Amino acid sequence: MKKQFAVVGLGRFGGSVCKELYSMGHEVLAIDTNEDRVHDFANFSTHAVVANATDENTLLSLGIRNFEYVIVAIGDNIQASILCTLLLKELNVKHVWVKAQNNYHHKVVEKIGADRIIHPEKDMGVRIAHYLVSEKIIDYIELSPDYSIMELIASHKVANKTIQKLDIRAKYGCTILGIKRGEDVIITPFPDQLILEKDILILIGHNNDLKKFEEEGI
Ligand code: ADP
């Protein structure tokens, strides 16, 4: 289903969010105070406008209230990011996602109602650290401080066995959400699903359980 997004701030983060949403076929309004940046996004957004997103009247005239999601990706100007977030929530935008620069910024936008707060550098750093320490880990997404989703490569240890035989949930407390096999993804596989070597297992669980499975089970 096509959704309507507005992206405020077309730096590295906001810019790549904007391009990706647009390439996925969504409607994207791209906003930045910098004319050159806006010009660069003319072909990568539905509408690219030069505007100051800390001005309420500007936001109103852009019809920002009609957007389901607004991503605030204003970089170093924390004050502008906070003010913009506050205005968007006052205008009743349903989903306001904010890129935070630091913990102080995070706390403030959380207080004023940001619906989701993203720390791209920090999150990516955590993910990269996990790939670095283990050749088995393909991807890692932190869901909370205790729970994560992890993608692991199936070794000969688990190959040609069914999920039931491996009994990962009982032995390790983690659940297989899906299996990536080449271009295919097997979602919520049945217990009789055979695992092949080089399959990528998508697992969810407590960090300790995932670690144990990664070290001993696969
Ligand atoms: P990143 O770290 O993601 O590369 P940048 O700091 O380079 O972020 O980019 C932030 C963008 O936000 C810049 O292009 C800047 O012009 C834009 N910006 C800053 N303040 C405002 C504002 N009040 N309204 C709209 N865009 C803004």
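Read the numbers this way: they start at 1 and go in the same order the structure lists the ligands and their atoms. Any value given below was found using the heavy atoms of this structure, including those in side chains, with hydrogens, waters and symmetry copies removed. Remember, predicted model here, so these are calculated numbers, not experimental data.
Remark: minimum distance from atom 20 (N) of ligand 1 to any protein heavy atom is reached at Ile74 CG2, 3.6 Å. When hydrogens are left out, the protein atom nearest atom 24 (N) of ligand 1 is Ala53 N, 3.0 Å; that is the closest non-hydrogen contact. Nearest protein heavy-atom contact of atom 23 (N) of ligand 1 is Asn52 OD1, 2.8 Å. Among all non-hydrogen protein atoms, the one lying nearest atom 15 (C) of ligand 1 is Asp32 OD1, 3.4 Å. Protein heavy atom at the shortest distance from atom 13 (C) of ligand 1 is Arg37 NH1, 3.2 Å. Protein heavy atom nearest atom 12 (O) of ligand 1, with residue, atom name and distance: Gly9 CA, 3.3 Å. Protein heavy atom in closest approach to atom 10 (C) of ligand 1: Gly75 N, 3.3 Å. Scanning the protein for heavy atoms near atom 4 (O) of ligand 1, the closest one is Arg12 N, 2.7 Å.
Here is the list of ligand 1 atoms found below 4.0 Å of a heavy atom in Ala73: 10 (C). Atoms of ligand 1 found under 4.0 Å from any heavy atom of Phe13, numbered from 1 in the order shown, are 3 (O). Every atom of ligand 1 is numbered from 1 in the order shown, and the set under 4.0 Å from a heavy atom of Lys99 is 1 (P), 2 (O), 3 (O). Which parts of ligand 1 touch Thr54 is read off a 4.0 Å heavy-atom cut-off, strictly below it: atoms 23 (N). For ligand 1, the atoms closer than 4.0 angstrom to any heavy atom of Asp76 are 6 (O).
Ring planes of His119 and His106: parallel class, angle under 30° (limits at 30 and 60°). By the 30° and 60° cut-offs, the orientation of the rings of His130 relative to Tyr140 is parallel.
Met24 is not listed as a side-chain neighbour of Lys3, based on a closest heavy-atom distance of 4.5 Å or more. Counting heavy atoms from C-beta outward, Val50 and Arg37 have side chains that stay 4.5 Å or more apart. You'll find the side chain of Ile218 reaches within 4.5 Å of the side chain of Phe213, heavy atoms only.
Taking distance alone, with nitrogen or oxygen atoms compared against 3.5 Å, Val8 stays at or beyond that limit from ligand 1.
Of the heavy atoms in Ala51, only backbone atoms (N, CA, C, O) come closer than 4.0 Å to ligand 1.
Aromatic rings of Tyr22 and Phe44 (six-membered ring for Trp) have centroids beyond the 6.0 Å cut-off, not under it.
The pair Arg127-Asp139 meets the salt-bridge criterion, with a side-chain N (NZ, NE, NH1 or NH2) lying under 4.0 Å from an Asp/Glu carboxylate O. A salt bridge is absent between Lys94 and Asp115: the closest approach of a Lys/Arg side-chain nitrogen to an acidic carboxylate oxygen does not fall below 4.0 angstrom.
Within the cation-pi definition used here (under 6.0 Å to the ring centroid, within 45° of the axis), Lys19 qualifies as a partner of Phe41.
Between the side chains of Gln4 and Glu27, at least one donor N or O sits under 3.5 Å from an acceptor N or O.
Interatomic distance, Glu142 CD to Met150 CE, rounded to the nearest 0.5 Å: 10.5 Å.
Ligand 1 lies out of reach of Asn77, whose nearest heavy atom is not under 4.0 Å from it. Remark: distances from the non-hydrogen atoms of Pro120 to ligand 1 are all 4.0 Å or more.
When the options Thr33, Ile31, Asn34 are ranked by their closest heavy atom to atom 18 (N) of ligand 1, first place goes to Thr33.
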